[in-house]
Amino acid sequence: MEETKQNENKLASPEKQSKPEWQHWLAVGGILCAIGGVSALALTALNLVTGPIIKRNNDQKQLAGYRAIYANCQAVSDPVAIDNNANLAEYYQAYSDEGKTQLIGYIYNSKTIAVKSYGNIHAMVGISSEGDNPVLGKVYLVEDSLSYKNTFETGYVEPYNANPSDETLAAVKCGATYGATALNEIITAARDHFTANFGDSFQEPLADDAKTIWGEDLQQDLVKETYLSDHTYARKAYRFFEDETMIGEWGQLITTKYSQGSDSIRMTIGFKGTETNVVWGKMAITQASVSDADALNAFVETYNAAPGESAFDSATSGSLAILKDMALDAKAAFAAAGGLQSTERNFNQIEKDYAAVSDPVVYSDKTLKNDSYGAKATAYRSWSVYSDAEKTTEKAKIFKMRVQMDVDNPVSSDPHAYVPEHIESDTVYLIALSGEVTAPTVDGMYVLSDSSGRHQVITDYINGFDNSKAEDGVVGTDATYSLKGIWTGLKLAKSLYAGE
């Protein structure tokens, strides 16, 4: 007890109390400053050692990206900044030698693009040239933090890199449409910049050409531009589509160019038909710097009165002979690409042995929603197919349908079913109906396009559809929501067939 009391007295005695508080904090501050100084020196020393290593690693990663785009890339130029562009930050010239004497193409570096709330992408894009035309190259993803990264890369990036082309560029409906669309815009912006600055920046008066050749006003949002290669004169194809699905062409315009010294001719010509049965349309001269320009324009006026290949029989000399070669090269380009990719050419997938097809009935606002599954079905048009050339006996009606879904956190009535966090799909398909209007027979269905993550399941179901199938049967198919949407489209088609 005495020892305890003495200790208590020691703790309480004035001479043993702590120093004033300011002296205490001054001492602590001094210690912290000393630690900070040592740490700063240590970090500086560390940076001196690791800084060059990090830079070298980043340079190697960047070079790996260059070589992913151009396998023979050995060096690149300093970056050139691109101003006032929503997608692009800068570009490099790529060379196949360290001395930078052999230019192989350009590499465009994008900005970091936010894709809604799904994450970011940052890409490098290769663009080279073939004559006047830009040639699409591969892309390299510097960053991909998308929540649906795997679907985006396997569904869009990898197919595009396997065959960089307008077709793979346009195939954004891959189950990761937002990310694919963002990358599509980056690639398109790179090609546009290349064309404007390093290629042939001439722009055809497309609206005027469409009016001259087809007699119709241009709907710019229903046209796709495709650059052509491996042709002497043909430069671009403009594909005109029947509706916003961008499936089903109704016509094509092919632009051509001739240049020799100071002489030049630019001509646009229209085509329809198939690769084996080409239907010639009118043509328009968009530029002519030749001595016999008057004769050229006079010939075009005569040709447009009765378009056809035989009209060129008299074009045997001067600019007329060149114009003939340009037109034939345009025809070859049209045929090589498979002719007009119309909706009607798919009818034989679901209806056999029909002899004639009516003009389409176009629907302006025919939709049906399935709120339980977040699906929206839209009918765009329908055709009657006939068993006789005189169109007196209707065999069936064919409907062009579209079902779209974009659902976050869908709810399933099956507690054991796997339900993804997000369902995104866009399916365009044909439905053939025949028989009684109150109880029609489904002759068949056929997929024109599908962007779902369950593409194969949906395609197999639609293309293999028969009347033994029931709507409840889609449960457990691994594409329940999307196939419920397909049935919503079928219900809409049946109501239109019944005249509702």
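The 12-atom threshold is not exceeded at NZ of Lys376, counting heavy atoms of other residues, nucleotides or ligands nearer than 6.0 Å. Under a cut-off of 6.0 angstrom, the local environment of NZ in Lys138 is sparse, with at most 12 non-hydrogen atoms contributed by other residues, nucleotides or ligands. Few gaps surround NZ on Lys391; more than 12 heavy atoms of other groups in view lie less than 6.0 Å from it. For Lys116, the NZ atom counts as loosely surrounded, since its 6.0 Å shell holds 12 or fewer non-hydrogen atoms of other residues, nucleotides or ligands. No more than 12 heavy atoms of other residues, nucleotides or ligands shown are found within 6.0 angstrom of CD on Gln219.
In this structure, Asn120 CG and Thr112 OG1 are separated by 6.5 Å, a value rounded to the nearest 0.5 Å. Annotation: the span from Ile69 atom CD1 to Tyr140 atom OH amounts to 9.0 Å, rounded to 0.5 Å. The OG atom of Ser482 sits 4.0 Å away from atom CD1 of Ile458, with the distance rounded to the nearest 0.5 Å. A distance of 8.0 Å separates OH of Tyr148 from OH of Tyr178, quoted to the nearest 0.5 Å. Separating the CD atom in Gln74 from the CD1 atom in Ile104 is a distance of 8.5 Å, to the nearest 0.5 Å. Note: Leu88 CG to Asp192 CG = 9.0 Å, rounded to the nearest 0.5 Å.
Comment: Glu249 does not engage Lys272 in a salt bridge, judged by the lack of any side-chain N to carboxylate O separation of less than 4.0 angstrom. The pair Glu204-Lys236 counts as a salt bridge, with a side-chain nitrogen and a carboxylate oxygen less than 4.0 angstrom apart. With respect to the salt-bridge test (charged N to carboxylate O, under 4.0 angstrom), the residues Lys395 and Asp353 do not qualify.
Donor-acceptor pairing under 3.5 Å is lacking for the side chains of Tyr258 and Gln260. Side-chain contact, Ser382 with Tyr363: a donor N or O sits under 3.5 Å from an acceptor N or O. In summary, the side chains of Thr268 and Asp209 do present a donor paired with an acceptor at a separation below 3.5 Å, with no hydrogens or angles considered. A donor-acceptor contact under 3.5 angstrom links the side chains of Asp388 and Thr392, judged on distance only. Judged purely by distance below 3.5 Å, without hydrogens or angles, the side chains of Glu244 and Tyr380 pair a donor atom with an acceptor atom. Side chains of Asn109 and His122: a donor-acceptor N/O pair is present below 3.5 angstrom, by distance only. Between the side chains of Asp443 and Ser434, a donor-acceptor pair is found at a separation under 3.5 Å. Side-chain atoms of Tyr303 and Glu301 include no donor-acceptor pair closer than 3.5 Å.
Remark: Arg402 is not positioned above the aromatic ring of Tyr429, lacking an NZ or CZ atom under 6.0 angstrom from the ring centre and at most 45 degrees off the axis. Because its NZ or CZ atom is not both nearer than 6.0 Å to the ring centre of Tyr233 and within 45° of the ring axis, Lys257 does not count as a cation-pi partner of that residue.
At least one side-chain heavy atom of Lys400 sits less than 4.5 Å from a side-chain heavy atom of Thr245. Side-chain contact check for Phe241 versus Ile247: every heavy-atom pair is 4.5 Å or farther apart. Counting only heavy atoms from C-beta outward, the side chains of Arg191 and Pro134 approach each other to under 4.5 Å. Contact check for Thr286 versus Pro205: side-chain heavy atoms found under the 4.5 Å cut-off. With a 4.5 Å cut-off on side-chain heavy atoms, Lys494 and Leu496 do not count as touching. Considering only heavy atoms from C-beta on, Val361 stays 4.5 Å or farther from Trp383 through its side chain. Looking at heavy atoms from C-beta onward, Gln404 lies in side-chain contact with Asp426 at the 4.5 angstrom threshold.
Screening residues 279-290 for salt bridge (charged side-chain N to carboxylate O under 4.0 Å, His left out), with sequence neighbours left out, gives no hits. A side chain to side chain donor-acceptor pair (under 3.5 Å) check over residues 309-324, counting only residues at least two apart or in different chains, returns the pairs Asp292-Ser319, Glu309-Lys331.
Residues satisfying the ring pair (Phe, Tyr, Trp, His ring centres under 6.0 Å) criterion with Trp250, sequence neighbours excluded, are Trp214, Phe240. The ring pair (Phe, Tyr, Trp, His ring centres under 6.0 Å) test applied to Phe152 returns no partner, not counting sequence neighbours. Among residues two or more places apart in sequence or in another chain, the ring pair (Phe, Tyr, Trp, His ring centres under 6.0 Å) test is passed with Trp280 by Phe271, Phe312. The side chain to side chain donor-acceptor pair (under 3.5 Å) check on Thr302 picks up nothing, with sequence neighbours excluded.
When every heavy atom of Ile254 is checked against every heavy atom of Ala234, the shortest pair comes out as CG2-CB, 4.1 Å. Considering all non-hydrogen atoms of both residues, Ala94 and Ile107 come closest at CB-CD1, 4.0 Å.
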Exercise. Under the side chain to side chain contact (heavy atoms under 4.5 Å, CB included) rule, what do Leu490 and Ile431 come out as? Steps first, then yes or no, please.
Key: CA-CA 7 Å; Leu490 179 56; Ile431 301 174; 3.9 Å; yes
Quiz prompt | Pair Glu153-Leu141, side chain to side chain contact (heavy atoms under 4.5 Å, CB included): steps then yes or no | solution = CA-CA 9 Å; Glu153 293 185 7; Leu141 293 177; 3.6 Å; yes
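Each of Gln456, His455, Lys173 was compared with Asp450 under the side chain to side chain donor-acceptor pair (under 3.5 Å) criterion, and only His455 meets it.
The aromatic rings of Tyr461 and Phe465 sit perpendicular to each other, their planes meeting at more than 60°, with 30° as the lower class boundary. Relative orientation of the His193 and Tyr108 rings is perpendicular, given thresholds of 30° and 60° on the angle between their planes. Between Tyr91 and Phe198, the ring planes lie perpendicular to each other; the angle is over 60°, past the 30° to 60° tilted range. Ring pair Phe194/Tyr106 is perpendicular by interplanar angle, where above 60° counts as perpendicular and below 30° as parallel.
Aromatic rings of Tyr354 and Tyr386 (six-membered ring for Trp) have centroids beyond the 6.0 Å cut-off, not under it.
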